[in-house]
Amino acid sequence: MPAELSPIDTAKFAAARRAVDFVQDGMKLGLGTGSTAAWMVRCLAERVREEGLRVQGVPTSTRTAELARELGIPVVTLDEARWLDLTIDGADEFDSEFNLIKGGGAALLQEKIVATASDRMIVIADAAKEVAQLGAFPLPVEVIPFGWQSTRMLIEEALIGLDVLGREVTLRRSGEAPLLTDEKNYILDLHLTRIGHPRQLALTLNQIAGVVENGLFIDICDTVVVGHGDGRVTVRDLESGLTEDGQVDLGASCNIFADLGE
């Protein structure tokens with residue numbers, strides 16, 4: 001394993017390590033996508049291996065599914081699970097009301113479906129993801145390929161009447177070609193700088209023909225676990241308003257790196 005984690009990886013690991021403490025035996029879990037969620041999958045796999053924890057995981061992307069299977073976490077589809085006890089996922093941004101921007105990993109559609117089919121959603125993030133107002137991170141919008149340029153024009157027109165600071169809309173690419181999601185759709189990134197009313201924007205975007213889903217997660221997240229570069233973690237619960245501070249043993253990362261052969 002590397003001699004020392006970077007501060008950002010330490011923060012991600014700390015948040016992930018603390019979040020899997022909420023997992024109980026027999027749970028059906030939504031497994032998020034992205035670099036922070038990958039840490040969570042590794043931490044969960046360690047509990048499965050060392051404690052005999054029995055869980056079923058519903059991945060939100062093919063790459064999460066591959067990692068979970070590789071590490072020994074039983075994987076099922078959402079149709080097989082039908083309903084989930086808990087989803088743990090990352091976020092690109094979150095505000096004080098636990099509104100999120102997600103989709104930097106191009107998995108927002110499956111992430112939102114899985115999260116809304118769960119009794120509870122826990123978001124894991126490093127401290128830099130917390131913002132006073134959403135919008136600095138480009139907002140992903142998943143659209144069908146047919147007529148996507150017309151869809152983009154409709155989005156640009158809709159943004160004129162909304163409380164946002166920027167209105168640039170770009171097609172996300174993979175090399176020279178448009179990036180394809182797991183559902184074979186495109187991603188349009190909205191460079192808004194500031195989103196004044198996230199709920200209004202989310203509703204407006206989803207009324208536009210060609211839009212499949214947007215990356216604003218409103219009234220979905222229940223708990224946020226924030227990791228810091230020194231291993232500290234802060235757990236915030238929206239319903240109770242309670243905040244809990246703690247410290248994660250950074251030496252525990254050894255087994256997780258060993259799982260990956262690093």
Side-chain angles (χ1 to χ4, degrees), residues 8 11-12 32-38 60-61 63-64 89-113 115 123-145 147-221 224 226:
I8 188 68
K12 292 177 179 181
T33 295
S35 59
T36 310
T60 55
S61 66
R63 56 188 180 278
T64 296
D89 203 349
D92 299 302
E93 285 185 347
F94 71 92
D95 66 14
S96 61
E97 297 179 353
F98 295 6
N99 297 316
L100 318 172
I101 285 182
K102 289 180 54 55
L108 67 97
L109 176 58
Q110 293 188 23
E111 287 173 334
K112 189 174 283 191
I113 292 172
V123 161
I124 49 178
D126 59 89
K129 299 298 193 302
E130 183 173 9
V131 296
Q133 199 164 32
L134 300 178
F137 190 92
L139 174 65
V141 177
E142 186 158 341
V143 302
I144 65 170
W148 73 268
Q149 296 203 52
S150 297
T151 303
R152 180 172 66 179
M153 288 190 292
L154 289 170
I155 291 173
E156 291 170 339
E157 182 178 348
L159 291 175
I160 294 174
L162 296 172
D163 185 8
V164 296
L165 194 58
R167 297 188 182 93
E168 181 185 5
V169 179
T170 60
L171 176 67
R172 193 180 302 183
R173 296 184 177 275
S174 177
E176 296 297 319
L179 182 144
L180 291 179
T181 68
D182 279 353
E183 301 300 324
K184 309 304 181 186
N185 294 318
Y186 291 172
I187 295 284
L188 295 177
D189 287 313
L190 280 53
H191 303 265
L192 307 176
T193 307
R194 178 184 58 79
I195 299 172
H197 300 288
R199 188 184 306 276
Q200 179 188 20
L201 176 58
L203 291 172
T204 299
L205 289 172
N206 280 6
Q207 291 175 346
I208 295 173
V211 170
V212 180
E213 189 54 82
N214 70 83
L216 285 166
F217 282 50
I218 312 295
D219 297 332
I220 297 175
C221 174
V224 172
V226 181

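Note that these values count all heavy atoms, side chains included, but never hydrogens, waters or copies made by symmetry.
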Across all chains, not counting sequence neighbours, the side-chain contact (heavy atoms from CB on, under 4.5 Å) partners of Asp219 are Arg199
Using the test side-chain hydrogen bond (donor to acceptor under 3.5 Å, both in side chains), find all partners of Asp95 that sit at least two apart in sequence or belong to another chain. Asn99
I want to check something: taking the side chain as every heavy atom from C-beta on, are Val212 and Val143 in contact at a cut-off of under 4.5 Å? no
Please identify each residue that fulfils side-chain hydrogen bond (donor to acceptor under 3.5 Å, both in side chains) with Thr33, with sequence neighbours left out. Thr60, Ser61, Thr64
Candidate pair Asp126 and Val226, rule side chain to side chain contact (heavy atoms under 4.5 Å, CB included), full reasoning: CA-CA 5 Å; Asp126 59 89; Val226 181; over 6 Å; no
Pairs involving residues 100-111, ordered by first then second residue, that meet salt bridge (Lys or Arg N to Asp or Glu O under 4.0 Å) (sequence neighbours left out): Asp89-Lys102, Lys102-Glu111
Under the side-chain hydrogen bond (donor to acceptor under 3.5 Å, both in side chains) test, which residues partner Ser35, sequence neighbours left out? Lys12
From CG (Leu159) to CG (Leu201), nearest 0.5 Å: 6.5 Å
Let me confirm one number: the NE2-CG distance from His197 to Leu162, rounded to the nearest 0.5 Å. 9.5 Å
Does atom CD of Glu156 have more than 12 heavy-atom neighbours, drawn from other residues, nucleotides or ligands, at distances under 6.0 Å? yes
Side chain to side chain donor-acceptor pair (under 3.5 Å) contacts touching residues 184-195 (sequence neighbours left out): Glu142-Asn185, Asp163-Arg194, Thr170-His191, Arg172-Asp189
Roughly how far apart are Leu134 CG and Leu139 CG, rounded to 0.5 Å? 9.0 Å
Can you name the nearest heavy-atom pair linking Ala202 to Asn214, along with the distance? O-ND2, 3.3 Å
Pairwise distance CG(Leu205) to CG(Leu154) - rounded to 0.5 angstrom: 11.0 Å
How about Leu100 and Ile220: do any of their side-chain heavy atoms sit closer than 4.5 Å? no
Would you compute the distance between atom CD1 of Ile195 and atom CD of Glu93 and round it to the nearest 0.5 angstrom? 7.5 Å
Quick one: does Leu108's side chain get under 4.5 Å of Ile187's, heavy atoms only? yes
Rounded distance (nearest 0.5 Å) linking atom CG of Leu216 with atom CD1 of Ile101: 5.5 Å
Sidechain-backbone polar pair: Asp92 side chain, Gly103 backbone, donor-acceptor under 3.5 Å: yes
Counting C-beta onward and ignoring hydrogens, is there a side-chain heavy-atom pair between Phe98 and Val123 closer than 4.5 Å? no
